[in-house]
2 protein chains.
Amino acid sequence: MPPVREALSRDRVVAAGVAVADTEGLAAVTMRRVAAELDCEAMSLYHHVPSKDALLAALADEAARLVVQEAAAITADDWVDAVRRRCLAARDVMVRHPWAAGLLAAQQQSPPSSWALYEQLVGTLTEAGFDDDLAHRAIHSLGSMVFGFSTELFEPDGGDSTPDPEIMATMAQHMPNLARMAASVVHEVDGALSVCDTRAEFEFTLGLVLDGLERERVRRATA
Amino acid sequence: MPPVREALSRDRVVAAGVAVADTEGLAAVTMRRVAAELDCEAMSLYHHVPSKDALLAALADEAARLVVQEAAAITADDWVDAVRRRCLAARDVMVRHPWAAGLLAAQQQSPPSSWALYEQLVGTLTEAGFDDDLAHRAIHSLGSMVFGFSTELFEPDGGDSTPDPEIMATMAQHMPNLARMAASVVHEVDGALSVCDTRAEFEFTLGLVLDGLERERVRRATA
DNA sequence: ACCTGAACACCGTTCAAGT
DNA sequence: ACCTGAACACCGTTCAAGT
C-alpha cells in the first residue's frame with residue numbers, strides 16, 4: 001500500500017511557508033507551524049531546508065519568483081508600456097503578499113529568482129536601443145521600485161569581489177543579456193567585477209525623480 | 001546613597017536595542033540581550049516598552065529619527081540641491097544601520113518620526129513653487145527612495161479611514177506644511193481623508209523614472 | 001513606582017532511534 | 001533515504017513578590 005501522505009519536498013515546504021505567511025502573517029511562520037501545515041513534525045523540515053533562516057530566504061526568493069512569473073507574460077510594442085505594466089504587475093504581487101517587502105529588504109543577497117526579471121528587462125531595454133551602461137542603471141532604478149532598494153545586484157557572495165565562476169557560467173547560459181551587460185559594465189569600471197557602486201545607482205535614480213519633479217513643477221507653473 | 005545604576009527609561013531601552021542591532025544584528029535583539037546591555041533583567045524592560053514588537057517598532061522609528069536629524073541641518077538655495085543632499089544623507093544613515101531597511105519595510109504604519117522629514121520636504125518644495133498636489137506626490141516618490149516603498153503615509157491607524165483628531169491637531173501645530181498639504185489633497189480626492197491611493201503614487205514615481213530613462217536613451221542616441 | 005525571581009508556553013535545533 | 005520522539009538551550013511574557 002502506497003503512503004497516504006505525499007512525500008515532503010523543498011517545494012512543498014516553501015509553499016506551506018507561503019501559505020502560513022499569507023494567512024497568519026510572517027510571525028506565524030515557525031518550523032512547527034509549517035510542519036503542521038504539512039502534517040509532519042518540525043524536524044522533518046530539516047531534511048529539505050537547512051535552517052529557519054534558509055526557509056525565510058526561500059520565502060523571499062519565492063516572492064521574487066512569483067513577481068517574475070507575473071511579469072514574464074507581459075509584452076508591448078513600446079518599451080515604456082511593457083516595463084510599466086510589468087512593474088505594476090510586480091507590485092500587485094507584492095501587495096498580495098504583504099510579508100514579502102520586509103523579508104526581501106532584510107535579505108543580504110539578491111534572491112536568485114529576481115535575476116530572471118532583470119534578464120527580461122535588460123533584453124527589452126537593449127532591443128529598445130539602450131546601451132549596456134544605461135540598461136544597468138535602469139535595472140537598479142526599476143529594481144528599487146519593485147523590491148525596495150536595499151538588495152544589491154551581482155553580489156551573490158555578499159560583497160566578496162571575486163564572483164563564483166560557476167554562477168557566472170550558469171548566468172551566461174540562461175541569461176545572455178544580463179551576462180553581456182555585466183561583462184560590459186564590469187569592463188567599464190576597470191575590473192572590479194561583481195561590485196556595483198550602489199550609492200551611484202541611488203544618485204542616478206534620485207536624479208531621475210528630482211528632474212521629473214522639477215519638470216512637472218515648471219509645466220504646472222507655465223500652464 | 002544614590003543608586004549606582006542610571007534609572008531605566010524608554011530612551012535607554014531603545015538606545016540599547018539600536019546598539020545590539022548595530023553590533024550583533026537584528027536577530028540578536030532579544031529582550032534578555034537588550035536587558036543585559038542595560039545591566040538589568042528582561043522583565044524590567046516591560047515597564048518601558050509594552051512588548052518586543054513595540055520595541056522593534058521603536059527601533060524603526062529611531063532609525064527614522066536619525067534620518068530626520070541628519071537631513072534637518074541641510075539647506076541650499078536650489079531646492080533640487082537641498083533635497084538631493086538630504087536624501088543622500090538619509091541613505092548614509094540607512095547604510096550605517098543595515099537592520100533599518102528591513103525593519104521599516106516590515107512596519108505596517110509609518111513611523112511618527114518620519115513625518116518630520118516630510119514636513120521639511122513639503123516646506124522646501126512649497127517654497128520652491130510646488131503646489132500641494134505635486135508636493136504630495138513628491139514626498140511619496142522621495143519617501144520610497146529613502147525608506148523603501150511599503151510604508152504608507154497618513155494612515156497612522158492602519159487603513160482606518162477616520163483619522164485620530166488628536167493626531168491631526170498635533171500635526172497641524174508642529175507640521176504646518178504637512179497639515180496644509182494633507183487638507184488640500186484630501187479636499188481634492190473628495191473627503192476620503194487619510195487615504196492615499198498608493199498605487200497611483202507608485203505609478204507617478206514609476207512614470208518619473210521611465211520618462212527619465214527614455215530621455216537619457218534619446219540623449220545618448222543623438223550624441 | 002520600579003525592579004526581579006521563578007515559572008509557563010513556545011521556539012530552533014541536535015541526536016539517536018526508528019522505518 | 002526519509003521521518004520522528006525526546007531532549008536542550010533559548011525565547012517572550014505573566015505574575016506574585018520584593019524594594
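Quantities reported herein were computed from a predicted structural model and do not represent experimental measurements. Naming: A, B, ... by sequence-line order, numbering from 1 per chain.
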Quick one: [X] [atom1] to [N] [atom2], roughly how many Å, whole number?
X	N	atom1	atom2	answer
B:Tyr46	D:dT14	OH	P	7 Å
B:Leu45	C:dC2	CG	P	14 Å
A:Leu55	C:dC11	CG	P	14 Å
B:His48	C:dT4	NE2	C1'	14 Å
A:Arg10	D:dC3	CZ	C1'	19 Å
B:Lys52	D:dC11	NZ	P	9 Å
B:Arg33	D:dC11	CZ	P	10 Å
B:Arg32	C:dC11	CZ	P	15 Å

Give one of base, sugar-phosphate or nothing for B:Met31, where a contact means two heavy atoms less than 4.0 Å apart.
sugar-phosphate
Within the 4.0 Å heavy-atom criterion, would you say B:Ser44 contacts the bases, only the backbone, or no part of the nucleic acid?
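Result for B:Ser44 = base.
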CD/A:Glu203 to NE2/A:His140 distance, rounded to the nearest 0.5 angstrom?
13.5 Å
Find the distance between CZ (B:Arg96) and CG (B:Leu66) and round it off to the nearest 0.5 Å.
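Between B:Arg96 CZ and B:Leu66 CG, I get 8.5 Å after rounding to 0.5 Å.
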Check the pair A:Met94, A:Leu104 against side chain to side chain contact (heavy atoms under 4.5 Å, CB included), reporting the backbone distance first and the verdict last.
CA-CA 10 Å; A:Met94 298 295 283; A:Leu104 280 162; 3.5 Å; yes
Are B:Asp61 and B:Arg65 close enough for a salt bridge, meaning some N to O gap below 4.0 Å?
no
Side chain A:His47 and base D:dC3 donor-acceptor under 3.5 Å:
yes
Measure from the side-chain heavy atoms of [X] and tell me the nearest of [options].
X	options	value
A:Met43	C:dC3, C:dT14, C:dT4	C:dT14
B:Cys40	D:dT13, C:dG12, C:dT4	C:dT4
A:Ser51	C:dT13, C:dC3, D:dT13	C:dT13

G-U wobble or Watson-Crick pairing nucleotide for D:dA9 (cut-off 3.5 Å, both distances)
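Partner of D:dA9: none found under 3.5 Å.
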Complement of C:dA16, any strand, by Watson-Crick or G-U distances under 3.5 angstrom
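Answer to the pairing question: D:dT4, which forms a Watson-Crick or G-U pair with C:dA16.
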Evaluate the side-chain proximity of B:Leu206 to A:Leu142: yes if any heavy-atom separation is below 4.5 Å, no if none is.
yes
